[in-house]
Every structure is written in C-alpha cells, then in structure tokens.
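Here the structure is laid out as structure tokens; the discussion comes afterwards.
Just so it is clear, the model here is predicted, and its values are computed rather than measured. Excluded from the calculations below are hydrogen atoms, water molecules and symmetry mates; all remaining heavy atoms, backbone and side chain alike, are included.
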Amino acid sequence: HHQIHPWNRWFPLTLTLYRVLAQTEPGAFGAQFALALNNLAHILNNFGFKHPDPVEVAAEALEAYTKLMQPKHDGIAMALDTLGECLEARGRDHDAFAAYSRGIDMLLPQFLELPVAFQDLMRDLLERYERLASKLGQFIDSKSLQTAAAVLQSLSPPVADQSPDV
C-alpha cells in the first residue's frame, strides 16, 4: 500500500482548475496555466516521475505559451528550455538540442533589448545547447548564438575582476 503524498493529490486538481480558467478566460489565466504546466514538468523531471510524462507536460506548457493572445517569447523560451531538459533526461539528445536552439532564437530579441533581465535564461539555454553540440559532434555556426554569447560575456565581469579587494 503506497501512501499518496499530498502534492500528488492536490496538484492535479489545481492544474485542472487552471486549465478550466485558462479555457474560460485565456487573457486572465492563460499565462498562469502555462507557468503551472512548466513548473509541473520541472518537478516531474527533477524527481524522476514517469506519470504524467514530463515530456508531454512540457510540450503542453509550450503549446499553452504559444496560444496566449500575446505570446510571451520569454515564456516560450522557458518552456523550450524545460522541454529540452525533459527530453535530454530521457536520452533524446537530438530533440533536446533542437529545443534549446529554438529557445535561443525565440528569446534573442527580448534578450538583446533587456539583457540583464533575461541573462539567466539565455545562459541556461546556451550552456545546454553548447554541451549537447559537443556531445553530438555538432558544429555551432549561428549568428544568433554568437550574438547571444557575446552579449552574455559583456555582462559577466572577467574572472580576474571577481576576486575581492584585499
């Protein structure tokens, strides 16, 4: 007899409520529903749950973000990052690589406009993309990637400058 963790009992109910609200009032609740799905995919993936399938939940979060009346490109990029992580955890490296690449392309315009606001997400996407590129033997020759990497580098002080003053 398995004890059901309270999270397992209440989170699906909460998600169902968000789903109904998002369908009824997409402008008011669509973004919260997409974020709840994205967070659920992270939790499922990080704790190794198989049901519901984290890849399916992440894909639904991506779809929910793209269906918003005013699609949030950072939300779409975040969902692609989560989808990539879920795919990578299941050994689907080529699909994960494509998700990270698409996430970088999606986030780039907002990142260039507000680099400090989106630097953490862009750094995550780039690091995961570059790691898989190396693992898969892919050659990185993308203007988007080069631009994003250069901007990120300009935001981070050189290692020598990070030491405390003595």
In chain order, what residues pass the side chain to side chain contact (heavy atoms under 4.5 Å, CB included) check against Leu35, with sequence neighbours excluded? Asn39, Tyr65, Met78
Is there side-chain contact between Arg90 and Asp53, with heavy atoms separated by less than 4.5 Å? yes
Atom CG in Asp81, atom CG in Asp120: separation rounded to 0.5 Å? 11.0 Å
Can you give me the closest heavy-atom contact between Leu44 and Pro52, atom names plus distance? CD1-O, 3.4 Å
Connected via hydrophobic side-chain network under 4.5 Å: Phe29 and Leu15: no
CG on Leu132 to CG on Asp93, rounded to 0.5 Å: 5.0 Å
If you look at every heavy atom in Met106 and Ile76, which pair is closest and at what distance? CG-CG2, 3.7 Å
Tell me if a side-chain donor or acceptor on Tyr100 pairs with a main-chain N or O of Gly84 at a distance below 3.5 Å. yes
How many angstroms lie between atom CD of Gln32 and atom CG of Leu17, to the nearest 0.5 angstrom? 11.5 Å
Start with the C-alpha gap between Phe111 and Leu121, add the side-chain angles, then the distance that decides, and say whether side-chain contact (heavy atoms from CB on, under 4.5 Å) holds. CA-CA 9 Å; Phe111 174 66; Leu121 178 55; over 6 Å; no
By salt bridge (charged side-chain N to carboxylate O under 4.0 Å, His left out), which residues pair with Glu130, not counting sequence neighbours? none
Please determine whether side-chain contact (heavy atoms from CB on, under 4.5 Å) holds for the pair His73 and Leu107, giving the CA-CA distance in whole Å, both sets of side-chain angles, and the decisive distance to 0.1 Å. CA-CA 6 Å; His73 292 255; Leu107 186 61; 5.9 Å; no
Of the non-hydrogen atoms in Cys86 and Ala58, which two are nearest, and what is the gap between them? SG-CB, 4.2 Å
More than 12 heavy atoms from other groups under 6.0 Å of CZ on Phe118: yes
Side chain to side chain contact (heavy atoms under 4.5 Å, CB included) involving Arg92 - partner list, sequence neighbours excluded: Val55, Leu87, Asp95
When rounded to the nearest 0.5 angstrom, what is the spacing between CZ in Arg102 and CG in Leu62? 5.0 Å
For Ser154 and Val151, indicate whether the former's side chain and the latter's backbone hold a donor-acceptor pair under 3.5 Å. yes
Starting from Leu125, can I reach Leu114 by hopping between I/L/V/M/F/W/Y residues whose side chains sit under 4.5 Å apart? yes
Donor-acceptor contact below 3.5 Å, side chain Asn46 vs main chain His42: yes
Basic-acidic side-chain contact under 4.0 Å: Glu88, Arg131: yes
Can Val20 be reached from Leu40 by stepping across I, L, V, M, F, W or Y side chains whose heavy atoms are under 4.5 Å apart? no
Can you list the steps and then say if Met122 with Leu108 is a side-chain contact (heavy atoms from CB on, under 4.5 Å)? CA-CA 8 Å; Met122 184 58 84; Leu108 189 61; 4.2 Å; yes
Any donor-acceptor N/O pair, Tyr129 side chain to Ala99 backbone, under 3.5 Å: no
